[in-house]
Amino acid sequence: MKVVQVAIPIPLRKQFNYQVPEELPNILSLKVGMRVLVPFSNKKLVGIVCDLDASTDVDETKLKSIEAILDEFPVLSSHLLVLGVWLADYYLHPLGETLFSMLPAKLRKHEKLTELNQTYLKIAENVERKDALLSLRRAKKQLALFRALFDHSLSLSEAKSEYSTQTVKALEEKKLIEYEERIAPKNEWQHALSIERAFDANVEQAIAISTINKCSTYATFLLEGVTGSGKTEVYLQVIEAVLKKRQQVLILVPEIGLTPQTADRFQRRFGEIVAMMHSGLSDSQRLCVWHQARRGDVGIVIGTRSSVFLPFENLGMIIVDEEHDDSFKQQDGLRYHARDLAVFRAVKLNIPLILGSATPSLESLHNANTQKYHHLTLSNRAGNASLPSQHLLNITGQQLQCGIAQGILDKMAIQLAEGNQVLIFVNRRGFAPSLICHQCGHVETCVGCESPFTMHKIAGNLQCHRCGNQRYIPHKCSQCGNTDLSTEGQGTEQVEGFLSAYFSNYSCVRIDSDSTRSKARLNEILESINNNKHQILIGTQILSKGHHFPNVTLGLVLNLDALLFSEDFRAAEKMGQLITQLSGRAGRANKQGEVWLQTHQPQHPLVQDLVNNGFMSFSRSLLEERRAANLPPFSFQALLRAESQHLDRVLEFLNYAKSMLAQFINAKVIGPLPCVMEKKQGRLRYQLVIQSDHRGYLLSIMQQALIELDNHKLSSRIRWLVDMQPQDFS
DNA sequence: AGCACGCCGACT
DNA sequence: GTCGGCGTGCTC
């Protein structure tokens with residue numbers, strides 16, 4: 001009797017065995033990586049076969065049987081199945097859920113998988129062609145399409161683009177044409193590649209291009225290029241070489257960086273061989289891209305995080321653009337980092353990988369420093385465009401209006417009067433509030449950790465998130481005795497309200513998560529900004545991502561301190577990336593821009609380094625700080641978070657985990673500490689941070705701990721999760 | 001997760 | 001007397 005092992009999408013760290021009945025129709029074609037329909041508890045679920053020849057110690061006849069084989073070919077190739085097994089192991093996530101999160105949504109359900117079908121138009125049966133031609137003599141476009149269908153049928157998408165949707169509709173309504181489903185023909189782009197002539201590269205670009213082109217096996221290149229230095233041109237030219245070898249290219253981009261303009265640029269150079277994969281697509285469209293990648297119908301896929309799971313027919317290169325961006329890390333379910341998976345795939349497929357950024361992550365810089373990655377630099381801006389100059393404004397003790405200094409308001413007035421735009425960056429979310437003295441700029445800091453205390457409104461105290469140290473909220477500054485202590489910065493709405501009243505002759509626009517909920521809305525706003533419909537732009541992180549604002553000549557960062565003083569050890573890194581990216585968004589060749597940073601601590605060495613020496617120098621200093629403090633990338637972290645309405649359960653669970661993990665001497669366990677968002681949707685949230693110098697060691701102790709935690713009586717009564725290499729502690 | 005089973009408190 | 005709250009255990 002044949003017994004196979006099936007991974008089921010449930011949060012259990014085990015697989016299940018099933019009999020394969022002899023009478024199953026397509027039994028001979030059953031392969032690993034195929035989906036099957038199986039009875040489970042008292043319902044039917046879709047599972048993925050992960051072992052064709054399972055060994056069991058139980059009585060095989062007691063096993064349930066597979067009901068149906070859903071696929072004609074495996075949805076997960078052996079390469080992707082290996083990736084999935086590694087993923088489940090590395091992120092300590094149940095295999096079934098892991099494998100299913102690698103698939104497009106449509107394939108997570110019962111739906112049968114067949115070869116990619118395409119809809120074709122043909123002339124309807126029983127249509128008298130002569131009569132039809134006569135009846136169409138006054139509808140030129142419809143006539144043309146109808147005639148075209150005489151000798152060959154046309155695919156629906158071709159017909160729609162060559163003629164028009166209305167034309168097709170019209171003929172359909174007249175019952176002159178009908179639809180037919182057929183297996184889509186393979187798109188043989190490899191034989192008819194039309195590539196537009198490349199731009200002449202400058203010296204640095206040329207070095208980068210030739211270095212990458214020389215490499216045809218696995219290697220990771222960190223391409224560090226200041227904004228406007230022409231990273232994209234490097235991508236384009238190395239992609240060309242890969243396409244000419246008839247291989248495909250995957251380009252991973254941050255969630256919001258994927259604009260139609262990005263795709264246009266690739267399409268202009270390489271023609272219609274580019275597919276996009278982003279959150280704006282429907283499930284059917286996503287499945288279509290999945291098929292196209294698998295069949296080799298497209299040469300290039302540009303996509304967000306989850307595109308790293310696409311089943312390419314013949315992948316020749318992966319590019320991760322803006323590799324420092326946090327959106328590459330999934331923040332729920334399987335908490336993978338697409339950059340790390342890109343490395344895994346590149347190694348397994350033995351192909352080159354490019355990580356590009358103007359502000360590389362410290363992880364990648366460290367890997368470059370230790371020779372794991374090849375470091376390529378582009379330090380010159382193309383053309384004569386110069387970056388805006390950066391300035392610090394000491395706001396200590398100053399009168400502020402809605403958080404803005406008078407001097408800045410005056411500068412804004414000048415720029416606005418000259419017809420330029422101004423941009424105000426407001427950080428409203430994401431970072432923990434620390435307590436700062438407005439008189440002297442002193443930040444209340446835990447003495448033992450040199451980490452700023454975090455305000456906890458619920459507990460009504462200050463807490464150090466490194467060591468758990470707690471103290472009462474002081475009513476005066478411990479340095480100068482002033483009682484003007486503040487935590488919360490201004491939100492975008494407040495700033496918008498104030499500025500639209502103050503500059504009532506100009507139009508304000510707010511760009512934050514509320515206004516970007518829909519992609520169309522964001523594009524609308526961006527367009528109206530470029531058309532100068534608004535003069536004052538107020539926004540959050542989104543302002544620093546991807547979009548260029550050529551008419552902005554003055555940028556303002558309202559509260560640099562809130563970015564800098566946070567218990568999250570990555571705060572300074574993120575601050576530097578943000579300020580640098582923000583500066584790169586503004587101005588154009590003929591207008592020198594300025595960026596002003598309001599701070600209570602203009603002498604802070606990191607801030608000084610960033611403003612005076614630029615991101616490259618700043619990031620190297622940060623890396624030294626991390627080394628000294630033994631923080632990532634010099635050590636490895638795991639996060640164990642628990643949530644429940646009942647505080648006692650959360651603490652009992654985490655303390656149990658801690659007592660277990662504390663036995664391992666080569667790891668440090670910090671906590672349980674309240675999360676930055678201590679209460680969310682009525683649940684109290686606490687976490688444990690586990691840190692070790694060795695990734696393998698950390699993984700193995702977490703695996704051991706997990707077995708115990710799964711068996712703990714509270715494990716099913718609270719919500720809890722493990723996050724390996726956590727990015728965000730909120 | 002999702003579901004069944006089982007045991008105690010306030011209700012038509 | 002029962003309805004339904006949650007705690008417990010199981011899923012090939």
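Worth saying up front: this structure is predicted, and the values here are computed from it rather than measured. Proteins come first, then strands; the chains are lettered A, B, ... in the order of their sequence lines, and each starts at number 1. Values below: every heavy atom of this structure, side chains too, minus hydrogens, waters and symmetry copies.
Contacts of A:Lys14 with the nucleic acid, taken as non-hydrogen atoms under 4.0 Å apart, include base atoms. Contacts of A:Pro9 with the nucleic acid, taken as non-hydrogen atoms under 4.0 Å apart, are absent.
At least one side-chain heavy atom of A:Gln463 sits less than 4.5 Å from a side-chain heavy atom of A:Gln470. A heavy-atom distance below 4.5 Å is found between the side chains of A:Lys329 and A:Asp723.
Going from atom CG of A:Leu63 over to atom C1' of C:dC12 covers 6 Å, rounded to whole Å. Atom P of nucleotide B:dA1 and atom CZ of A:Arg719 are separated by 7 Å, given to the nearest angstrom. In this structure, CG of A:Leu37 is placed 13 Å from P of C:dC12, rounded to the nearest angstrom. Computed from coordinates, the A:Leu12 CG to B:dA1 P distance equals 9 Å when rounded to whole Å. Here the C1' atom of nucleotide B:dG2 and the CG atom of A:Leu45 are 9 Å apart, to the nearest Å. When the C1' atom of B:dG2 is taken as reference, atom CZ of A:Phe40 falls 9 Å away, rounded to whole Å. A:Ile48 places its CD1 atom 18 Å from the P atom of C:dC12, with the value rounded to the nearest Å.
Counting only N and O atoms by type, the side chains of A:Glu181 and A:Thr119 include a donor and acceptor under 3.5 Å apart. Checking A:Ser279 against A:Glu255 by side-chain atom types alone, no donor-acceptor pair falls below 3.5 Å.
Contact check, A:Asn42 against B:dA4: a side-chain N or O comes under 4.0 Å of OP1 or OP2.
You'll find that the side chain of A:Phe16 is closest to C:dC12, out of B:dA4, C:dC12, B:dA1.
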Distances under 3.5 Å between protein N/O atoms and the N/O atoms of nucleotides 5-10 of chain C, please, pair by pair.
residue, atom, partner, partner atom, Å
C:dG7, OP1, A:Arg649, NH2, 3.2
C:dT8, OP2, A:Arg717, NH1, 3.0

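Here A:Tyr656 pairs with A:His712 under the ring-ring contact (aromatic ring centres under 6.0 Å, His included) rule; sequence neighbours left out. For the side chain to side chain contact (heavy atoms under 4.5 Å, CB included) test, residues two or more places apart in sequence or in another chain that qualify with A:Asp283 are A:Ala105, A:Lys106, A:Lys109, A:Arg286.
At distances below 3.5 Å, at least one donor-acceptor pair connects side-chain atoms of A:Ser101 with backbone N or O atoms of A:Glu97.
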